[in-house]
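Structure, as structure tokens:
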Amino acid sequence: MKGVVIALLVALAMVHFMAEPARAITCSDVNKALAPCVSYLTGGGAPTSACCDGVRTLKSLSPTTSDRQTACQCAKDAASRNPNIREDAAAALPNKCGVQTDIPISRSTDCST
């Protein structure tokens, strides 16, 4: 009987976690992920491993179209606030990190598409 109760509790816990909606990405998430990239984005050269880890984190936090659109808008807003961001460095960042992503970092991107 005790085994049946434990199995039932485990099953209920699994259903709860599977049914719990995923957390949407926020601008804070995007800013935190891209913060290690500021020196690369403003000065060029090669991105640091911490920067590339942030790019990978950003990709993993944005699995849905809605998440990618949010992340895109957050990155666009952040780039607009920093006039020293180099567009060429921003465009090259995912490729330099070996990450294929649909989240551009640019002041001119249309994030709705």
Considering all heavy atoms of both residues, which atom of T109 and which atom of K76 are nearest to each other, and what is their separation? O-NZ, 2.7 Å

Can you name the side-chain hydrogen bond (donor to acceptor under 3.5 Å, both in side chains) partners of S28, sequence neighbours left out? none

Of all heavy-atom pairs linking K59 and V99, the shortest is CD-CG1, 3.8 Å

Is any side-chain heavy atom of L93 closer than 4.5 Å to a side-chain heavy atom of C37? yes

Compare all side-chain heavy atoms of Q100 with those of P94 and state whether any distance is below 4.5 angstrom. no

L61 and T57, any side-chain heavy atoms less than 4.5 Å apart: yes

Can you confirm whether the side chains of D67 and T64 place a donor and an acceptor under 3.5 Å from each other? yes

Test item: Q69 side-chain N/O and S112 main-chain N/O as donor-acceptor pair under 3.5 Å: yes

Let me see the working for S62 and T70 under side chain to side chain contact (heavy atoms under 4.5 Å, CB included), right down to the final yes or no. CA-CA 9 Å; S62 53; T70 298; over 6 Å; no

Is there side-chain contact between T42 and I85, with heavy atoms separated by less than 4.5 Å? yes

D102: what forms a side-chain contact (heavy atoms from CB on, under 4.5 Å) with it, not counting sequence neighbours? R68

May I ask you to test the Y40-R86 pair for a side-chain heavy-atom distance under 4.5 Å? no

For the residue pair L34 and L58, establish whether any side-chain heavy-atom pair is separated by less than 4.5 Å. yes

Identify each donor-acceptor pair in which a side-chain atom of residues 43-56 lies under 3.5 Å from a protein atom, sequence neighbours left out, and give them as a table.
unit_1: T48; atom_1: OG1; unit_2: C51; atom_2: N; d: 3.0
unit_1: D53; atom_1: OD1; unit_2: R56; atom_2: NH2; d: 2.9
unit_1: R56; atom_1: NH1; unit_2: C97; atom_2: O; d: 3.4

Could you report the tightest heavy-atom contact between N31 and A78, atom names first, then the distance? OD1-CB, 4.0 Å

Approximate separation, where rounding is to 0.5 Å, of N82 CG and D77 CG: 13.0 Å

Any donor-acceptor pair under 3.5 Å from D29 side chain to T26 backbone: yes

